[in-house]
Structure formats: C-alpha cells, structure tokens
Amino acid sequence: MNVFSTGVLVGRFQHIHIGHEKLINIGLSLCDKLLVFVGSADKIGTIRNPYEVEYRIELISRLYKKEIDDGRIIIKPINDLTNENDLTPCWGKYVIEEAKKELGQNVNCIIYGKDKNIFKCFPKDIVEDLTEIYVDRNTLNISATKIREFLINDDKENWKKYVNDILYDEYDVLRNKLLNIKEV
C-alpha cells in the first residue's frame, strides 16, 4: 500500500519521453492507482500537437503494460476545456472533476512538472483536499518540443538519449507523422 490511494497526472505526451516517465514513475511510487490524463485529446495536426491521442496512449501503454494490466495505471484522454494554453482555475477544476468521474472516488494527490504557469490552474480552493507533488522539469533538461526538434532534424542519436528504448522502433512513424504537419 502506497502513501495515496489515488493520484492524477496530466500531460500532452507529444510524444512521451524520459521526463514524462519520471513523473509517471513518481506517481506510481506514491499512489496505489494513478490516472494519467493525455491532454489536448481534441488537438491534432499542429507542430505542438502532431500526434493523435490514440497513438499517444498506445505509446504510453507500451511502456506501462504491466501496470495497466495490474490496474495501477489508468490512461484516459482529456480534451482541452477551451484551448491548449488555458491554464485557468476553470481548467484545474475540470481536471479534478473528470478525475473523480474516471476513478469513481476523490483524488488524493496530483503530480505535475513544476512550471510557473501550473499554479494558475490549481489554486488552493481547487486542491484544498489534495496533496500536490511538484517535480522539477529542469532536472532532465528535456521537453517534448526538443524531442520533436530531434525528429524534424533527423537527429536519431540525440532523440534516443531521451526516449525509452522500447519505443526506438517508432522513430520513423513519429518522424513521418511530424513531417506531414503543414506548419513544419
């Protein structure tokens, strides 16, 4: 039994990298059950959101198959409330309410990468009964934006440094999907 019975983590996972895995692994170490929301589920076809939600969920599922099978991780899509940059208290409340619906119970903790903007969407009145776990995003010095740059530039060696080897066979698929975006 872990410290918390339930936790929630939200990310766009465009695409999943070792920084995302760090957040998920921290959630698993603290929570009996972790709900991973794949955000911006309704967005596709832009440089910031090149991958459809089903594909992003498939990639995460490949990495956490055992935990999913054991019921420790639940992966669900979540649409943006208004737009992908909507980091407001309304969005924070929406996330917590959707997590309660998915889990069928209250959420005990929320895990997120420490970002100056995240505090705008989870003010104290929204998370008063939750424990917030902040993870410094800068410890690995990687972002999905950087990962996508490696793909655009066909820099497989640097890409591989930040991606789980289970996903190495997805390089060409990820790159092709990204290169087919009109903005590139």
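Owing to the predicted nature of the structure, the values given are computational and were not obtained by experimental measurement.
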When rounded to the nearest 0.5 angstrom, what is the spacing between [atom1] in [X] and [atom2] in [Y]?
X	Y	atom1	atom2	value
Ile126	Ile96	CD1	CD1	8.0 Å
Ser5	Asp32	OG	CG	6.5 Å
Ile75	Ile57	CD1	CD1	7.0 Å
Arg56	Ser40	CZ	OG	6.5 Å
Glu170	Asn176	CD	CG	11.0 Å
Ile18	Leu167	CD1	CG	12.0 Å

request  = Give a yes or no answer on whether the side chain of Asn164 reaches the backbone of Ile166 with a donor-acceptor pair at less than 3.5 Å.
outcome  =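 Yes.
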query = Would a distance-only check, ignoring hydrogens and angles, find a side-chain to backbone donor-acceptor pair under 3.5 Å from Arg148 to Leu178?
reply =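 Looks like no, no N/O pair under 3.5 Å.
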Less than 4.5 Å apart, side chain to side chain, heavy atoms only: is that true for [X] and [Y]?
X	Y	answer
Ile133	Ile110	no
Arg12	Lys43	no
Leu151	Leu174	yes
His17	Lys161	no
Leu9	Ile24	yes
Tyr94	Asn79	yes
Asn108	Leu130	no
Val107	Asp129	no

If you compare all heavy atoms of [X] against all heavy atoms of [Y], which two are closest, and at what distance to 0.1 Å?
X	Y	answer
Thr6	Asn106	OG1-O, 2.9 Å
Gly27	Ile111	CA-CD1, 3.6 Å
Thr88	Cys121	O-CB, 3.2 Å

query = Given the rule in the side-chain contact (heavy atoms from CB on, under 4.5 Å) test, do Cys31 and Cys109 qualify, once you have shown the distances and angles that lead to the verdict?
reply = CA-CA 8 Å; Cys31 304; Cys109 80; 3.4 Å; yes
ask   = Is Lys156 close enough and on-axis enough to Tyr171, meaning under 6.0 Å and within 45°, for cation-pi?
value =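 So Lys156 does make the cation-pi contact.
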Cationic tip of Lys160 above Tyr168 ring, under 6.0 Å, 45° of axis =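 Yes, Lys160 and Tyr168 form such a contact.
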ask   = Is the shortest distance from a Lys or Arg side-chain nitrogen in Lys93 or Glu98 to a carboxylate oxygen in the other one below 4.0 Å?
value =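 No, Lys93 and Glu98 are not salt-bridged.
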ask   = Hey, are Lys146 and Glu149 close enough for a salt bridge, meaning a charged N less than 4.0 Å from a carboxylate O?
value =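 Salt bridge between Lys146 and Glu149, a charged N being under 4.0 Å from a carboxylate O: yes.
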ask   = Are Ile44 and Ile181 co-members of a hydrophobic cluster defined by side-chain heavy atoms under 4.5 Å apart?
value =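 No, no single cluster joins them.
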request  = For the pair Phe150 and Tyr162, name the ring-plane relationship: parallel under 30°, tilted 30 to 60°, perpendicular over 60°.
outcome  =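 Plane angle under 30°, so parallel.
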message = side-chain contact (heavy atoms from CB on, under 4.5 Å) for His15 and Val163? Distances and angles first, verdict last.
response = CA-CA 9 Å; His15 70 81; Val163 176; 3.7 Å; yes
task = Determine, stepwise, if the pair Leu59 / Phe13 fulfils side-chain contact (heavy atoms from CB on, under 4.5 Å).
result = CA-CA 9 Å; Leu59 295 178; Phe13 302 100; over 6 Å; no
key: Any donor-acceptor N or O pair under 3.5 Å, side chains Tyr64, Asn25   =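 Looking only at side-chain atoms, Asn25 and Tyr64 do form a donor-acceptor pair, the distance falling under 3.5 Å.
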ask   = Do we see a donor-acceptor contact under 3.5 Å between the side chains of Tyr51 and Glu58?
value =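 Their side chains do not contain a donor-acceptor pair, so the 3.5 Å distance test is not met.
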request  = Decide yes or no on side-chain contact (heavy atoms from CB on, under 4.5 Å) for Ile47 and Thr145, but give the supporting numbers first.
outcome  = CA-CA 9 Å; Ile47 194 71; Thr145 301; over 6 Å; no
